Amino acid sequence: DAGDAGGGDRAAVVAAAVASMLDPALEACELAAASLDDALAQERDGTNHPRWARGAFLANCFAAARRPLRVSAGGALASYRDALERRADSVVAAMATREADSLLERVGVGEISKLIALYKSGSANDDADSKGSRVRTRLRDDPALSLASVGAALDALVDAVGAADDPAPSFDAVRDPKRRADARRAYASAIIEAFTTAYAALLDPSNGYGDARGAMRHGPNALSTLLGGV
């Protein structure tokens with residue numbers, strides 16, 4: 001009816017007004033975050049900014065913008081609030097994944113995981129024999145996926161996590177405790193998943209590794225033990 005239409009119009013006006021005020025501020029946050037990326041690129045040891053500074057900064061910006069909107073009446077700003085929540089969740093997840101990927105690449109498990117994924121997809125496991133026939137290449141036949149290489153990388157990953165002061169980054173610059181905990185869990189999950197995937201590939205008979213357990217100092221549950229409490 002006319003009353004409902006009027007209420008809908010008012011809600012739309014309120015939503016547009018809030019967006020017109022907050023959108024420029026959020027764009028400024030994005031620009032400031034880009035400057036953090038520039039600062040990180042110039043640092044070698046990360047003493048001034050952790051690698052995840054940009055994600056933490058943006059998550060805090062989105063959370064701060066959303067906070068006063070929680071008290072607004074009705075659903076006029078619900079979609080805007082939800083969008084800010086999703087943006088904060090997205091940057092925190094990306095921040096955790098990027099930090100995990102950094103460690104995985106440093107110890108060699110990142111590249112190994114990518115190669116295993118290629119073989120699983122069928123993109124890297126067919127070669128031609130001397131007669132031109134297609135033959136299936138096993139993982140162990142790829143020099144980059146030799147038993148010694150994969151075993152050493154997995155051991156290096158466990159050693160790196162075990163040697164850290166905290167098995168997962170604190171992400172302490174993220175102000176929201178729940179989101180900070182979510183980031184730590186996402187980091188731990190990414191590390192454990194990469195380790196488990198590579199370990200399972202070694203134990204899969206079709207990959208031709210035979211008895212692979214002796215090539216590694218750490219067992220399949222080593223990382224779960226270290227990161228299980230995160």
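Counting begins at 1 with the first residue of the sequence. Just so you know, these numbers come straight off a predicted model, no measurement behind them.
- The distance from atom CG of Asn60 to atom CZ of Arg179, rounded to the nearest 0.5 Å, is 9.0 Å.
- A pairwise comparison of heavy atoms in Leu104 and Ala190 identifies CD1-O, 4.3 Å as the closest pair.
- Atom OG of Ser189 is separated from atom CG of Asp182 by 11.5 Å, given to the nearest 0.5 angstrom.
- For the pair Pro167 and Leu227, the tightest heavy-atom approach, listed with the atom from each and the gap, is O-CD2, 3.4 Å.
- Note on residues 220-230: no pairs pass side-chain hydrogen bond (donor to acceptor under 3.5 Å, both in side chains), not counting sequence neighbours.
- To the nearest 0.5 Å, atoms CZ (Arg175) and SG (Cys61) are separated by 8.0 Å.
- Checked by atom type and distance alone, the side chain of Thr196 never pairs as donor or acceptor with a backbone atom of Glu193 at under 3.5 Å.
- Taking CE of Met21 as the reference point, atom CG of Leu26 lies at 11.5 Å (rounded to 0.5 Å).
- Scanning both residues, Pro220 and Tyr199, for their nearest heavy atoms gives CD-OH, 3.3 Å.
- Under a 3.5 Å cut-off, the side chain of Asp204 and the backbone N or O of Ala200 do not form any donor-acceptor pair.
- Between the Ser20 side chain and the Ala17 main chain, a donor and an acceptor come within less than 3.5 Å of each other.
- Using a 4.0 Å cut-off between charged nitrogen and carboxylate oxygen, Arg184 and Glu99 do not count as a salt-bridge pair.
- Under the 4.0 Å criterion applied to side-chain N and carboxylate O atoms, Asp82 and Arg86 are not assigned as salt-bridge partners.
- Annotation: side chain of Leu154 is in contact with side chain of Leu202 (closest heavy-atom distance under 4.5 Å).
- Within the 4.5 Å cutoff, the side chain of Arg213 has heavy atoms near those of the Leu203 side chain.
- Counting heavy-atom neighbours within 6.0 Å of Arg217 CZ, excluding the residue itself, gives a total above 12.
- The shortest heavy-atom contact between Val91 and Gly55 is CG2-O, 3.9 Å.
- Without hydrogens or angle criteria, Ser113 side chain to Val109 main chain gives a donor-acceptor distance under 3.5 Å.
- Looking at Met95 and Leu58, their side chains never come closer than 4.5 Å, going by heavy atoms from C-beta outward.
- Scanning for side chain to side chain contact (heavy atoms under 4.5 Å, CB included) contacts around Ala94 gives Arg98, with sequence neighbours left out.
- In this structure, CG in Leu139 is found 9.5 Å from NZ in Lys120, a value given to the nearest 0.5 Å.
- Under 3.5 Å, the side chains of Tyr119 and Asn207 contain no donor-acceptor pair of N or O atoms.
- Without hydrogens or angle criteria, Arg140 side chain to Tyr209 main chain gives no donor-acceptor distance under 3.5 Å.
- Going from atom OG of Ser102 over to atom OH of Tyr187 covers 8.5 Å, rounded to the nearest 0.5 Å.
- The shortest non-hydrogen separation linking Trp52 to Ala173 is CZ3-CB, 3.5 Å.
- The shortest distance between side-chain heavy atoms of Tyr80 and Asp23 falls below 4.5 Å.
- Taking all atoms of both residues into account, the shortest heavy-atom contact from Ala183 to Ala96 is O-CB, 3.3 Å.
- Here the options are Leu223, Val158, Asp101, the test is side-chain contact (heavy atoms from CB on, under 4.5 Å), and the partner is Ile191; only Leu223 passes.
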